[in-house]
*Asks:* 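What follows is a single structure, and I will ask about it in a moment.
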Amino acid sequence: MERELAMELVRVTEFAALKSATWMGRGDKMAADGAATEAMRKMFDTVSMDGTVVIGEGEMDEAPMLYIGERLGTGVQPEVDVAVDPIEGTETVAAGAANSMAVVAIAPKGSLLHAPDMYMDKIAVGRNAKGRVSFRKSVRENLLAVAEANGKDIKDVVAVILDRERHAKLIQEVREAGARIKLIPAGDVAGALYTAFPEKGVDILLGSGGAPEGVLAACALKCLGGELIGCLLPENDEQRRRCEEMGISDVDHVLELDDLVRGDDAIFSATGITDGELLDGVRFLGNNRARTQTLVMRAKTGTVRFVEAYHNLNLKMGWER
Ligand SMILES: O=P(O)(O)OC[C@H]1O[C@](O)(COP(=O)(O)O)[C@@H](O)[C@@H]1O
């Protein structure tokens, strides 16, 4: 996939972020999500690709836009799988809290796991610790492996974990191993990304979050040379059936990075909606101008770009509010 496509995806996430940011702190997550989804959908019409949504807003009968199986783009080559999360952190935007982003990833057709909407146990690490963590190891063993890989004492290692009741035992185990913890209220895509930016001071992501978010984060870590491994956590027969329908026969199988994103040709773009540790949120500057910050990366080249953009909303097609 060519470099031009990366810039086209930047436009897609920027527009979704701009639209959803108008709902920041208004307490209406449905409206925020609707605005981001519609904006993303509209922008995709202009992207030069023949895409099919594999990670989206739901099934065709439950989501009017960006549903799984929906065709996106102008229909010209390349044929790609598309994973979207118009708002990663919908409640975060509605509350006006930190760390929400509009996220998109694409990869050549057939390379992204069609992850069902359920929980996934995840371990993510940056480049140094790639290949050193495993679900067969205990929490302590994984923390020690990451400590060694990052040249740290275990007491300086930081595990980022979603602040959820279900993680009580995990948190206890990390503490007993002597490592430190960064608890996040939401947004484990950003959490996974921190592990690949040493200056963020996070060494490993542990715990369960959404499986679709796992695929998006895997695309990002592939671009960054890190690693995300996952294990689906179906909670009932219906979810197990869903896995089978999506071609996943052995749900206990550990999903390695290459099971989540095959090959080395993914593109990832995320634009900050509300301010985060990785990305600034949308700033409305007055006089119908706005600033966005986007992280865009290509696995093929490993280039990581932060794109700062100043938008004249008067001239932006489809901007009317
Ligand atoms: O809130 P839960 O049920 O623990 O789910 C965790 C998932 O929710 C998020 O925090 C936010 O997801 P949404 O964008 O769907 O609100 C994800 O980053 C994470 O994977």
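Whatever order the structure lists ligands and atoms in, that order sets their numbers, starting from 1. Because only heavy atoms are used, hydrogens play no part in the values below, and waters and symmetry mates are left out as well, while side chains stay in.
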*Asks:* Please indicate whether any nitrogen or oxygen in V189 is less than 3.5 Å from any nitrogen or oxygen in ligand 1.
*Replies:*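 In fact, backbone or side chain, V189 has no N or O that close.
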*Asks:* With atoms numbered from 1 as shown, which atoms in ligand 1 lie under 4.0 angstrom from a non-hydrogen atom of G209?
*Replies:*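 Near G209, meaning under 4.0 Å from one of its heavy atoms, ligand 1 has 20 (O).
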*Asks:* Does D85 reach ligand 1 with a nitrogen or oxygen that is under 3.5 Å from one of the ligand's nitrogen or oxygen atoms?
*Replies:* no
*Asks:* Name every donor-acceptor pair, under 3.5 Å, that has one atom in a side chain of residues 217-233 and the other anywhere in the protein, sequence neighbours excluded.
*Replies:*
unit_1	atom_1	unit_2	atom_2	d
K222	NZ	D258	OD1	2.5
K222	NZ	V261	O	2.6
K222	NZ	G263	O	2.8
E227	OE1	G131	N	2.7

*Asks:* Should the pair R41-E38 be classified as a salt bridge under the 4.0 Å nitrogen-to-oxygen rule?
*Replies:*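 No, no charged N to carboxylate O under 4.0 Å.
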*Asks:* Is I87 close to ligand 1, meaning an N/O of one under 3.5 Å from an N/O of the other?
*Replies:*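 Looking only at distances, the answer is yes, because the N/O contact criterion of under 3.5 Å is met.
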*Asks:* Looking only at protein heavy atoms, which one is nearest to atom 6 (C) of ligand 1, and what is the separation?
*Replies:*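 Sorting protein heavy atoms by distance from atom 6 (C) of ligand 1 puts L162 CD1, 3.8 Å first.
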*Asks:* Do other residues, nucleotides or ligands put more than 12 heavy atoms under 6.0 Å from the CD atom of E2?
*Replies:* no
*Asks:* Are R241 and E245 ion-paired here, with the side-chain N under 4.0 Å from a carboxylate O?
*Replies:* yes
*Asks:* Considering only non-hydrogen protein atoms, determine which one is nearest to atom 1 (O) of ligand 1 and report residue, atom name and distance to 0.1 Å.
*Replies:*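 For atom 1 (O) of ligand 1, the nearest protein heavy atom is R164 NH2, 2.9 Å.
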*Asks:* Got the closest protein heavy atom to atom 9 (C) of ligand 1, with its distance?
*Replies:* G187 N, 3.9 Å
*Asks:* Any non-hydrogen atom of R166 lying under 4.0 Å from ligand 1?
*Replies:* yes
*Asks:* Has ligand 1 got any nitrogen or oxygen that is less than 3.5 angstrom from a nitrogen or oxygen of D188?
*Replies:* yes
*Asks:* What part of E88, side chain, backbone, both or neither, has a heavy atom within less than 4.0 angstrom of ligand 1?
*Replies:* both
*Asks:* Flag G210 as yes when one of its N or O atoms lies below 3.5 Å from any N or O atom of ligand 1, and as no otherwise.
*Replies:*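 Yes: some nitrogen or oxygen of G210 is under 3.5 Å from one in ligand 1.
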*Asks:* Under the criterion side-chain hydrogen bond (donor to acceptor under 3.5 Å, both in side chains), I'd like the reasoning laid out for T13 against S269: C-alpha separation, chi angles, the key distance, then a yes or no.
*Replies:* CA-CA 7 Å; T13 55; S269 176; 2.9 Å; yes
*Asks:* Could you tell me whether A186 and ligand 1 have an N or O pair separated by under 3.5 Å?
*Replies:*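 No.
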*Asks:* Select the closest option to atom 13 (P) of ligand 1 among D163, T90, N99, judged by heavy-atom distance.
*Replies:*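 Residue with the shortest heavy-atom distance to the ligand atom: T90.
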*Asks:* Should the heavy atoms of other residues, nucleotides or ligands under 6.0 Å from CZ of R166 be counted, would the total exceed 12?
*Replies:* yes
*Asks:* Would you check if E8 and S48 make a side-chain contact, meaning some heavy-atom pair closer than 4.5 Å?
*Replies:* yes
*Asks:* Between D156 and R180, does any side-chain N to carboxylate O distance fall below 4.0 Å?
*Replies:*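 Salt bridge between D156 and R180, a charged N being under 4.0 Å from a carboxylate O: no.
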